[in-house]
Q: 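For reference, the structure I am asking about is given below.
As the structure lists them, so they are numbered: ligands from 1, and atoms in each ligand from 1.
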Amino acid sequence: MRVLITGAAGFIGSHLCERFLKEGHEVIGIDNFITGDKDNIKDFSNHKNFKLIEKDLTSISEIEGNFDIIYHLASPASPKHYTEYPLETMLVNSLGTKLLLDKARNDKTIFVYASTSEVYGDPLVHPQKESYYGNVNPVGKRSMYDEAKRFGEALCMVYLRKYNVDVRIARIFNTYGPRMGIDDGRVIPNFMVQAIKDLPLTIYGDGNQTRSFCYIDDMIEGLYRMGTKKAIKGEIINLGNPYEIKIIELADIIEKIVSKKLKREFLPLPEDDPKRRCPDIEKARKILNWKPKVEFARGLKLTYEYFKKILK
Ligand code: UDP
């Protein structure tokens with residue numbers, strides 16, 4: 001197969017490229033490196049089946065070649081990054097998504113859109129099922145991301161209903177693992193870097209807010225199935241690990257993993273920070289026969305090894 005992956009040098013994108021290459025497929029990646037990293041693709045950038053187009057998706061008028069699957073992962077994805085790049089975030093999920101959907105429509109290609117648990121906003125329903133409409137502040141500090149992804153999803157559904165494009169929407173919940181950037185700003189890389197440097201763990205708010213973290217290998221398996229599974233046109237599927245913990249508990253677990261007693265610094269909770277987040281993954285179980293396998297302690301250990309190596 002020939003697969004197009006946008007955001008190829010990102011955390012999830014680079015792992016997805018590698019997975020398709022390992023299965024013997026040809027991968028064309030696109031990245032503009034605003035939040036992607038050359039280091040993420042160095043292990044396979046010379047692979048004979050890999051080609052990188054170093055461009056901003058929103059400045060491309062046409063993508064040459066035919067593909068079997070298009071994955072659209074290009075977008076700043078951490079609160080720190082989408083706040084730094086609000087316009088880029090909105091445009092890559094709107095204009096960028098349209099460009100790729102037109103390509104998928106013309107070439108009759110499967111299109112997988114990387115959406116997010118952020119479409120549920122600060123959810124009032126737990127756990128979150130795909131049928132939940134969400135509780136999003138359309139003009140809040142996270143709206144450039146939440147609303148851009150919601151627009152991207154809506155655009156996918158227009159192309160499904162109007163042009164019968166084989167779109168699939170993956171709602172990706174918090175994911176962690178090797179290749180997250182040290183400046184990513186999300187809680188796991190922050191805590192890892194702070195632990196290694198003997199700095200206090202920065203806890204926003206009182207730390208009672210929850211998240212459910214999925215290890216990257218599990219996420220990649222889910223995404224791989226989203227693109228390669230036959231006859232799932234139009235499906236919208238949560239991908240994530242339903243193991244829900246408080247951020248304060250995460251700090252305790254990380255202390256155990258790194259075998260150090262760490263100080264804690266309590267900082268203000270960012271505006272519109274969701275209080276609880278946990279995926280209902282029944283749909284992924286049924287449709288993709290998928291569920292996460294990597295235990296949290298093991299995933300964190302692997303992630304810790306990675307951060308120790310890159311911070312050496
Ligand atoms: N958080 C924290 N300390 C940090 C970074 C994040 O307490 O150094 C909190 C953040 O307020 C949120 C949760 O951890 O409640 C997860 O934040 P992250 O940025 O990882 O991702 P989000 O799920 O909010 O997109």
Q: Any sub-3.5 Å donor-acceptor pair from Lys260's side-chain atoms to Ala195's backbone N or O?
A: yes

Q: Asp107 and Thr109: side chain to side chain donor-acceptor pair (under 3.5 Å), yes or no, with the steps?
A: CA-CA 5 Å; Asp107 302 352; Thr109 306; 4.6 Å; no

Q: Under a 4.0 Å heavy-atom limit, does Asn174 contact ligand 1 with its side chain, its backbone, both, or neither?
A: side chain

Q: I need the minimum non-hydrogen distance between Phe11 and Thr175, along with the two atoms involved.
A: CE2-O, 3.7 Å

Q: Which bit of Val187 gets closer than 4.0 Å to ligand 1, counting heavy atoms only: side chain, backbone, both or neither?
A: both

Q: Would you say Arg186 has any N or O atom under 3.5 Å from an N or O of ligand 1, going by distance alone?
A: no

Q: At less than 4.0 angstrom from any non-hydrogen atom of Ile203, what atoms of ligand 1 do you find?
A: 7 (O)

Q: I'd like to know whether Arg2 forms a side chain to side chain donor-acceptor pair (under 3.5 Å) with Asn66, so could you lay out the CA-CA distance, the side-chain angles of the two residues, the decisive distance to 0.1 Å, and finally the verdict.
A: CA-CA 7 Å; Arg2 283 190 98 221; Asn66 275 301; over 6 Å; no

Q: May I ask you to list the atoms of ligand 1 that are less than 4.0 angstrom from any heavy atom of Arg142?
A: 24 (O), 25 (O)

Q: Would you say Gly185 touches ligand 1, if touching means a heavy atom closer than 4.0 Å?
A: yes

Q: Atoms of ligand 1 less than 4.0 Å from Pro79 heavy atoms?
A: 19 (O), 25 (O)

Q: Using the six-membered ring of Phe67, assess whether NZ or CZ of Lys103 lies under 6.0 Å from its centre and within 45 degrees of the ring axis.
A: no

Q: With heavy atoms under 4.0 Å as the rule, classify the contact between Arg277 and ligand 1 as side chain, backbone, both or neither.
A: side chain

Q: Are any of the N or O atoms of Asn190 closer than 3.5 Å to those of ligand 1?
A: yes

Q: May I ask you to decide if the ring planes of Phe111 and His72 are parallel, tilted or perpendicular, using 30° and 60° as cut-offs?
A: tilted

Q: Write out the residue and atom name of the closest protein heavy atom to atom 15 (O) of ligand 1, then the distance separating them to 0.1 Å.
A: Asp273 OD1, 2.6 Å

Q: With heavy atoms under 4.0 Å as the rule, classify the contact between Thr202 and ligand 1 as side chain, backbone, both or neither.
A: both

Q: Which of the numbered atoms in ligand 1 are under 4.0 angstrom from any heavy atom belonging to Ile247?
A: 7 (O), 13 (C), 14 (O)

Q: Return yes when Ser78 approaches ligand 1 closer than 4.0 angstrom through a heavy atom, no otherwise.
A: no

Q: If you apply the rule ring-ring contact (aromatic ring centres under 6.0 Å, His included), what do you find for Phe50 with Phe20, and how did you get there?
A: CA-CA 10 Å; Phe50 181 72; Phe20 274 97; over 10 Å; no

Q: Tell me which one of Arg211, Glu118, Lys275, His81 gets a heavy atom nearest to atom 23 (O) of ligand 1.
A: Arg211

Q: Please report which non-hydrogen protein atom sits nearest to atom 9 (C) of ligand 1, along with the residue it belongs to and the distance in Å to one decimal place.
A: Gln209 NE2, 3.8 Å

Q: Under the side chain to side chain donor-acceptor pair (under 3.5 Å) criterion, do Arg186 and Ser78 qualify, and how do the steps go?
A: CA-CA 6 Å; Arg186 277 177 284 200; Ser78 80; 4.6 Å; no

Q: Hey, which of Glu153, Gln128, Glu118 is the one that makes side-chain hydrogen bond (donor to acceptor under 3.5 Å, both in side chains) with Arg171?
A: Glu153

Q: For Asn93 and Tyr145, run side chain to side chain donor-acceptor pair (under 3.5 Å): C-alpha distance rounded to whole Å, both residues' side-chain angles, the deciding distance at 0.1 Å, then the answer.
A: CA-CA 9 Å; Asn93 284 293; Tyr145 187 62; over 6 Å; no

Q: What protein heavy atom lies closest to atom 5 (C) of ligand 1? Include the residue and the distance to one decimal.
A: Tyr204 CE1, 3.3 Å

